[in-house]
Amino acid sequence: MAHYSGLIDKYRDRLPVAPGTRAVSLNEGATPLIELVNLPVLVRKKVRLYAKFEGLNPTGSFKDRGMTMAVTRAVEEGARAIICASTGNTSAAAAAYAARAGIACFVLIPEGKIALGKLSQAMMHGSVVIQIRGNFDDGMRLVQEVARTTPVNIVNSINPYRIQGQKTVAFEVIEALGDVPDYHALPVGNAGNITAHWIGYSESVGEKTEALKADAGMRQYKRKKIAKRRPIMLGYQASGAAPIVRGRPVENPETVATAIRIGNPVSWQQAVAASHESGGWFAECTDEEILHVQKLLAQTEGIFCEPASAIALAGVLKDLELGKIGEGSIIVCTLTGHGLKDPDVAIAQSAQPVTVDAELPAIERVIRRHLPKT
Ligand SMILES: *Cc1c(COP(=O)(O)O)cnc(C)c1O
């Protein structure tokens, strides 16, 4: 088998890139689809539950899938700089891919509301980090305004190439399962990812999608029929930032899941259309439910995802309990980002280290106290 060199090379025939276009890639994609074996037993449900662990992408989130496409096309068009507004992961990915491409990167982030890991990535990769006294939605508006007056290329999800790159997650799920799941659950912030998943699944059954019709860059693009049906799409939002669930924008979104702390999603209409077409629904989870499931997943399955990602599983567990998802179902949850992105939240809710003298008896006492009962 040839060396894996990223999703553009792998899915070139299904993406808006020319055969000769050189991909700006960090070998993103090809993330594992991990079967959750302990959780279904714990909640006493006969289901096949999988995690598509997108936290294992090069910068630790699914944003890399979109960024490889956006930066590849930006470089091809001769861009010298890219810009984005971000709750964190977009800026981390933009900074890394800009570094790889040798172009400048500007990121607008909400002051004080970005997880430490993400901020460190944007800084380390050498982007210019602009903190604004405002939220993500303010940043998004400013990015669009400044792109009209300065030579910067927007790489937020209003950039159609982002969604195109992100749709490849659906191809990988189908390849790994050998079929589509019955349900596919994911967190919804700006709603670009749920839109992208749906485009990927739709193209997999041979459908022509809107982006395909609209984008002239799609000339070489082929659809490949690799599935017979599409899954039911489940989108989950945090209670303090649930504009789609409520049906109206949220002025001051608040949630511990900072990656989905968004009050007015860019891809709102497309997400609602996707959900509706799939026969799915949107629902909400509280911060408490999110953190509980983040920890449960880490401690029962050994998978550490960030709070925003845990909402996909929190929502699924809740809807299983409510009977909205039936037993016997095959369910995939996209775990959008890695838990290391947000160490503060993880440390705050975990058992703190015990401090003892550097002596054998002290260590023995701790071990005896914590050994599982036989
Ligand atoms: C960006 C992001 C989301 C939200 O995705 P949208 O496309 O904005 O709906 C969820 N989780 C993580 C970890 C993210 O980085």
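This one's a predicted model, so the numbers in the text were calculated from it and none came from an experiment. One is the number of the first residue; the rest follow in order along the sequence. Counting starts at 1 for both ligands and their atoms, in listed order.
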Distances for all N or O pairs of ligand 1 and the protein under 3.5 Å?
unit_1   : atom_1 : unit_2 : atom_2 : d
ligand 1 : 7 (O)  : Gly192 : N      : 3.2
ligand 1 : 7 (O)  : Asn193 : N      : 2.8
ligand 1 : 8 (O)  : Asn190 : N      : 2.7
ligand 1 : 9 (O)  : Gly189 : N      : 2.8
ligand 1 : 9 (O)  : Asn190 : N      : 3.3
ligand 1 : 9 (O)  : Ala191 : N      : 2.8
ligand 1 : 11 (N) : Thr336 : OG1    : 2.7
ligand 1 : 15 (O) : Lys63  : NZ     : 2.6
ligand 1 : 15 (O) : Asn89  : ND2    : 2.7

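Among the candidates Glu203, Glu172, Glu207, the single residue satisfying the salt bridge (charged side-chain N to carboxylate O under 4.0 Å, His left out) test with Lys167 is Glu203. Residue Asn89 is tested with His338, Lys63, Lys341 for a side-chain hydrogen bond (donor to acceptor under 3.5 Å, both in side chains); the sole match is Lys341.
Taking OG1 of Thr334 as the start and CG of Leu234 as the end, the distance is 11.0 Å to the nearest 0.5 Å.
Remark: Arg261 is not positioned above the aromatic ring of Phe136, lacking an NZ or CZ atom under 6.0 angstrom from the ring centre and at most 45 degrees off the axis.
Checked against the 6.0 Å centroid criterion, the rings of Tyr236 and Phe282 do not qualify as a close aromatic pair.
Between the side chain of Asp287 and the backbone N or O of Thr255 there is no donor-acceptor pair closer than 3.5 Å.
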